Peer 1: 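Take a look at the following structure, please.
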Protein chains: 2
Amino acid sequence: MQDKIGKREATTLARRKHIVESAAICFIEQGFHQTSVRDIAKRAKISLGNLYNHFENKTALIAEIAALEADSLISVTKVLTGNAPHKKKLEQFIKAHFAATSTPANAILAAEILAESMRSPLIAEGYIRNRQSLITALIPVVEMLFPDAEPELQAELILDTIEGAGNRVAFAKAKKKKATRDALIDWITAKISDA
Amino acid sequence: MQDKIGKREATTLARRKHIVESAAICFIEQGFHQTSVRDIAKRAKISLGNLYNHFENKTALIAEIAALEADSLISVTKVLTGNAPHKKKLEQFIKAHFAATSTPANAILAAEILAESMRSPLIAEGYIRNRQSLITALIPVVEMLFPDAEPELQAELILDTIEGAGNRVAFAKAKKKKATRDALIDWITAKISDA
DNA sequence: TATTTGAGTGAACGTTCGTTCATTGATATA
DNA sequence: TATATCAATGAACGAACGTTCACTCAAATA
């Protein structure tokens with residue numbers, strides 16, 4: 001029982017997680033640079049000083065949020081690894097990733113992270129790594145379905161379309177969202193040589 | 001000669017334009033909210049107080065920059081109105097819009113504006129209007145080339161792909177940029193029924 | 001049980017922020 | 001020429017910023 005977590009350590013971990021979640025809410029509502037450290041502390045219901053016991057500075061908090069995106073990506077890539085027909089897998093991937101990117105909270109955070117990536121190498125690194133993991137998971141399927149295209153370029157264009165469309169309709173009505181999703185699936189899968 | 005511009009009025013107009021340009025440079029280098037009004041005044045080589053003679057506040061300056069994008073879009077849509085074959089026109093549009101969106105300065109500003117749009121209705125309004133003008137210009141051509149698809153949805157997906165790909169490769173090497181552009185043209189035009 | 005550790009607090013620090021304002025001087029108007 | 005207008009200045013304002021600090025107290029360790 002070497003790795004038994006003590007009461008102290010457990011609450012510290014939970015507190016840390018709680019701070020990250022509170023920060024994410026603030027960032028979604030106000031943006032990175034319009035959110036003050038006091039805002040985050042207030043939302044997490046802890047003192048200002050205590051926040052600095054858990055995070056070195058505000059930048060570290062932003063980086064942690066940006067890295068969090070990676071976790072949600074893993075579940076999306078899972079649909080690509082099964083034994084189902086490739087076309088079916090791609091279709092499910094489009095649905096899953098479109099659903100994720102068209103969620104307002106995700107769209108807002110993604111826009112915030114993208115803008116931040118443009119100036120901060122630390123954030124950009126995480127952003128690129130996340131995207132590459134999607135590309136890598138997508139390539140084998142794309143290779144089968146679009147034998148005439150260069151697989152990586154093709155996979156990236158597919159991602160561009162899904163993410164672009166998702167973010168664009170994040171605030172649209174459910175009806176338009178659904179129509180866009182269906183058109184998106186058609187647009188991508190229509191070019192597949194054969195099932 | 002009713003509308004003759006006096007020396008006073010002319011220099012005022014020029015000064016105003018100069019401030020906007022200086023602000024744009026600051027925003028590209030640092031982002032909207034990391035740029036202080038003092039930064040802008042310093043870059044424009046005018047006094048802090050004088051800036052407030054030309055702009056009501058910092059927000060007005062941000063809104064003006066966001067609205068500026070519209071001007072550069074007009075030239076892009078021009079290639080869609082000629083007498084050339086529709087497929088050729090679409091191809092030129094892709095080239096022009098991709099070239100624009102893959103320019104780093106544009107990509108940075110676009111990311112900044114998108115993030116700002118998520119929270120500011122004023123900025124969002126301009127963003128949506130700009131996009132709609134592109135869609136409107138694109139629809140007639142799309143209607144001809146993709147008779148089976150719903151024209152507006154189709155036009156939006158095409159824009160998503162171009163802009164997504166453009167912004168993504170904004171900081172990539174020229175070689176990859178060109179490869180992406182060519183793959184982009186293939187990807188979109190391959191589905192055209194006939195020339 | 002005595003000692004050490006670190007989570008938790010909020011006041012305080014120095015800096016920077018957006019904005020205002022009294023004042024100056026050049027240009028337009030009469 | 002006398003007067004009104006307005007671009008231009010930079011000091012000053014109060015508020016908010018990120019961060020530090022001395023301190024308290026509960027939990028872990030010996």
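For the numbers below, each heavy atom of this structure counts, side chains included, while hydrogens, waters and symmetry mates do not. Just so we're on the same page: letters track the sequence lines, and every chain starts at 1. All values reported here derive from a predicted model rather than from experimental measurement.
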Peer 1: Base, sugar-phosphate or nothing for A:Thr35? Non-hydrogen atoms, less than 4.0 Å.
Peer 2: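 Contact class for A:Thr35: sugar-phosphate only.
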Peer 1: Identify which nucleotide among C:dG8, D:dT9, C:dC17 has an atom closest to any side-chain atom of B:Ser47, counting heavy atoms from C-beta outward.
Peer 2: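 Of the options given, the side chain of B:Ser47 lies nearest D:dT9.
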Peer 1: Considering all heavy atoms of both residues, which atom of B:Ala107 and which atom of B:Thr101 are nearest to each other, and what is their separation?
Peer 2: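 Residues B:Ala107 and B:Thr101, closest heavy atoms: CB-O, 3.8 Å.
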Peer 1: Taking the minimum atom-to-atom distance to the side chain of B:Thr12, which one of D:dA7, C:dT20, C:dT9 wins?
Peer 2: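 Closest of the options to the side chain of B:Thr12: D:dA7.
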Peer 1: Choose from D:dA8, D:dG18, C:dG8 the nucleotide whose nearest atom is closest to any side-chain atom of A:Asn50.
Peer 2: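 So the nucleotide nearest the side chain must be C:dG8.
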Peer 1: Less than 3.5 Å apart, any donor N or O on the side chain of B:Asp39 or B:Ser36 sitting next to an acceptor on the other?
Peer 2: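 There is such a pair between these side chains.
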Peer 1: Return the 5'-most residue of the pair A:Asn53, B:Ser36 with respect to DNA chain C, ranking by each residue's nearest nucleotide.
Peer 2: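 The residue mapped nearer the 5' terminus is A:Asn53.
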Peer 1: Please pick, from C:dG8, D:dA7, D:dT19, the nucleotide with the shortest atom-to-atom distance to any side-chain atom of A:Arg15.
Peer 2: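 Minimum distance to the A:Arg15 side chain belongs to C:dG8.
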Peer 1: Over how many whole Å does the gap from B:Lys58 atom NZ to C:dT16 atom P extend?
Peer 2: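 It works out to 15 Å between those atoms.
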Peer 1: Measure from CZ on B:Phe55 to C1' on C:dG18 and round the result to the nearest Å.
Peer 2: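 That distance rounds to 16 Å.
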Peer 1: Nearest to the B:His54 side chain among D:dA8, C:dT9, C:dC17, which nucleotide is it?
Peer 2: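 The nucleotide sitting nearest to the side chain is D:dA8.
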Peer 1: Just do the side chain to side chain contact (heavy atoms under 4.5 Å, CB included) check on B:Glu156 and B:Glu152 with the steps written out, would you?
Peer 2: CA-CA 6 Å; B:Glu156 279 179 334; B:Glu152 179 149 359; 4.3 Å; yes
Peer 1: Begin with the C-alpha distance, continue with both residues' side-chain angles, and end with the deciding distance and a verdict on side chain to side chain contact (heavy atoms under 4.5 Å, CB included) for A:Arg181 and A:Ile94.
Peer 2: CA-CA 8 Å; A:Arg181 192 194 70 171; A:Ile94 297 172; 5.6 Å; no
